[in-house]
2 protein chains.
Amino acid sequence: MAVTPKPPGRFHHGDLRRALLDALAEALREDPPEALSLRDLARRAGVAHSAAAPHFGDKRGLLTAFATEGYQRLATAQRAAMAAAARDPAAQLAASGQGYLGFARENPGHFRLMMRADLVDGTNPALCAAQAAAWQPLAEAIAAGTPHLDAAERHARMVLAWSGVHGFAALAAEQAGPVLAGEAGLEAAEAALVEGLVGACLRP
Amino acid sequence: MAVTPKPPGRFHHGDLRRALLDALAEALREDPPEALSLRDLARRAGVAHSAAAPHFGDKRGLLTAFATEGYQRLATAQRAAMAAAARDPAAQLAASGQGYLGFARENPGHFRLMMRADLVDGTNPALCAAQAAAWQPLAEAIAAGTPHLDAAERHARMVLAWSGVHGFAALAAEQAGPVLAGEAGLEAAEAALVEGLVGACLRP
DNA sequence: GCCGCGAACTGACCATTGTCAAGTTCCGGC
DNA sequence: GCCGGAACTTGACAATGGTCAGTTCGCGGC
C-alpha cells in the first residue's frame, strides 16, 4: 500500500495507475475524503497533476476506481467473517453483518468515500458490479435462513438487514459515534445491533 | 421560502440571514449539497459574495445553521406523523419511523446536507441541541413500548430503530434507491422496513 | 540498428471557489 | 447631531480541477 514515487530522472512512471490508488489510500488515512485533492495525490506519486487524466479521465474516475476496490474489500471482509463462523444460518448472517461493520469501522475514510454519490460515479459498470457482489454474501445468508419465504418477503428482510447495518456504519463514521456507543462502547453496540437484526430477519 | 433579494439602491438588506437560508433551500432543490457555492447563494440574495461573513462566519457556519433547521423539521415531521397515528406504542413507533423516512424522501438535498460531517460543524451547540431533539420522538416511542426493559437493553433497541431507518434513508438518498425498492416501489419497501423494525424493537 | 507512432507525461492557462483586508454606508444610542 | 460599530462592497489571494499544445519515451515494424 506504500506509494511508489516516480523514479527521479525517469519520464515514465511505470505503474502510475497503481501509484495513484496507493496515494489515495495513504491520503485517506490522514484526511477525510472531501479533503482529497488531485494535485496532492499527483504530488505524492511524484507526477504532474494532469498525469492522471490518461488513466482515469478525471478526479471522479480515480475515486470511482478506488471505491470499486473498496466494495471488493467489503465483500472479502464479509466472506472472511462468514468462513470463520459456525455454519448455521443465524451465525452466518451475523458474521456477514459483523464483516460489514468491521470494514466500515477499520476503514472509515474508504467507507465514507464509497457512499458519496458526488465523489463517485454510480453508473460506472465496474463499480456497479462490485456493489452487487458486496451485496451477495448478505443475500445468501438470508436466503439460507429463510427457505420458507417468497421472493418479496425475502427481499424485505434483506432491505432490513442492509439498512440496519449500513445505517449504523454511516452514523458511526459520519457523526454520531458517541451517541450510538452508549456507555458500553461501539463494539458492544455493534454486537447488540447484529443480534437484533438477525432475530428480525430470520423470524418465521 | 422564496428568496427576497436586496432592494436595489439600498445598502443594507434588512434580513440577509433569512435570505441566505432561503437561497440555500432554493439552490438545494436544484443541485446536490456539494455543488453549493457561497458566491452563488450571495448572487441569489442580490448581495456581494462575501456578505455572509458577518452573519455566519464562513460557509460551514451557514450550512450548519441550515442543517439545524433541518433537524428541527425532522423532529416536526416525526411528531406530526405520531399525532396522526393511533395511540398504541407500535403505531406510534411506526409513525415516528415513517415521519423520519418521509422527511428524507421529500427533502433529499436537505437530508444529505445534514448528514455530511465535512459540510456541517458537528460541535455547534445549536446543531447538537436540534439533533438531540430529533432523536427524542423515537426514544419516547420506544420507551412507551418497552416499559419492562432496563436502560441498556432499551438503548440497544433505539440504536436498532435509528440505524434501520437512517440506513434506508441514506441508501435511498445517496445511491441505492432502485436496489432497495425492488419491484414493489420505494414506499412499499419503506412500509415493510418499518413493520420489521417495529416488531424487532417492541419484542418482549 | 533505427525509425516512427502513439501513449505517457509536462507545464501553462483558465474559470471557479472560499477567505481575508480595507474601505464605504448606514443604523441606533448618546 | 454625531459617532461607534455593524452591515456590506470591492479587490486581492491561494488553491483547485479541467484542458490543451507540446515534449519525451517505449515498443513494434522494418
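Numbered from 1 within each chain, the chains take letters A, B, ... in sequence-line order.
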> A:Glu69 and A:Arg18: salt bridge (Lys or Arg N to Asp or Glu O under 4.0 Å), yes or no, with the steps?
Replying inline: CA-CA 12 Å; A:Glu69 294 191 346; A:Arg18 190 68 255 157; 2.9 Å; yes
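- Checking the phosphate oxygens (OP1, OP2) of C:dT16, no side-chain nitrogen or oxygen of B:Ser37 falls inside 4.0 Å.
- Side-chain contact of B:Tyr100 with B:Gln78: a donor-acceptor pair under 3.5 Å is absent, judged by distance alone.
- Atom P of nucleotide C:dT19 and atom CZ of B:Arg60 are separated by 10 Å, given to the nearest angstrom.
- The only option from A:Leu63, A:Thr64, A:Leu21 that meets the side-chain contact (heavy atoms from CB on, under 4.5 Å) definition with A:Phe56 turns out to be A:Leu21.
- At least one side-chain nitrogen or oxygen of B:Arg43 sits closer than 4.0 Å to the OP1 or OP2 atom of C:dT17.
- Rounded to whole Å, atom P of C:dA8 lies 12 Å from atom CZ of A:Phe56.
- In this entry the distance linking CG of A:Leu38 with P of C:dG11 reads 16 Å, nearest Å.
- Put simply, the side chain of B:His110 reaches to within 4.5 Å of the side chain of B:Phe66, judged on heavy atoms.
- The nucleotide whose nearest atom lies closest to any side-chain atom of A:Leu16 is, among D:dG18, C:dT17, C:dC9, C:dC9.
- Between A:His55 atom NE2 and C:dA8 atom C1' there is a gap of 6 Å when expressed in whole angstrom units.
- The side chain of B:Arg39 lies closest to D:dA12 when the candidates are C:dT10, D:dC8, D:dA12.
- With hydrogens and angles ignored, no donor-acceptor pair under 3.5 angstrom links the side chain of A:His49 to the base of C:dG11.
- Distance check, rounded to the nearest 0.5 Å: CD of A:Glu30 to CG of A:Leu36 gives 10.5 Å.
- Between the side chain of B:Ser50 and the base of D:dT10, a donor-acceptor pair under 3.5 Å is found.
- In this entry the distance linking NZ of B:Lys59 with P of C:dT16 reads 15 Å, nearest Å.
- The CG atom of B:Asp15 sits 15 Å away from the C1' atom of D:dC8 (whole-angstrom rounding).
- As rounded to whole Å, 14 Å separates atom P of C:dA21 from atom CG of B:Asp58.
- Among the atoms of the strands shown, only primed sugar atoms or phosphate atoms (P, OP1, OP2) are found under 4.0 Å from some heavy atom of A:Leu36.
- Put simply, CG on B:Leu62 is 10 Å from P on C:dG18, counting in whole angstrom units.
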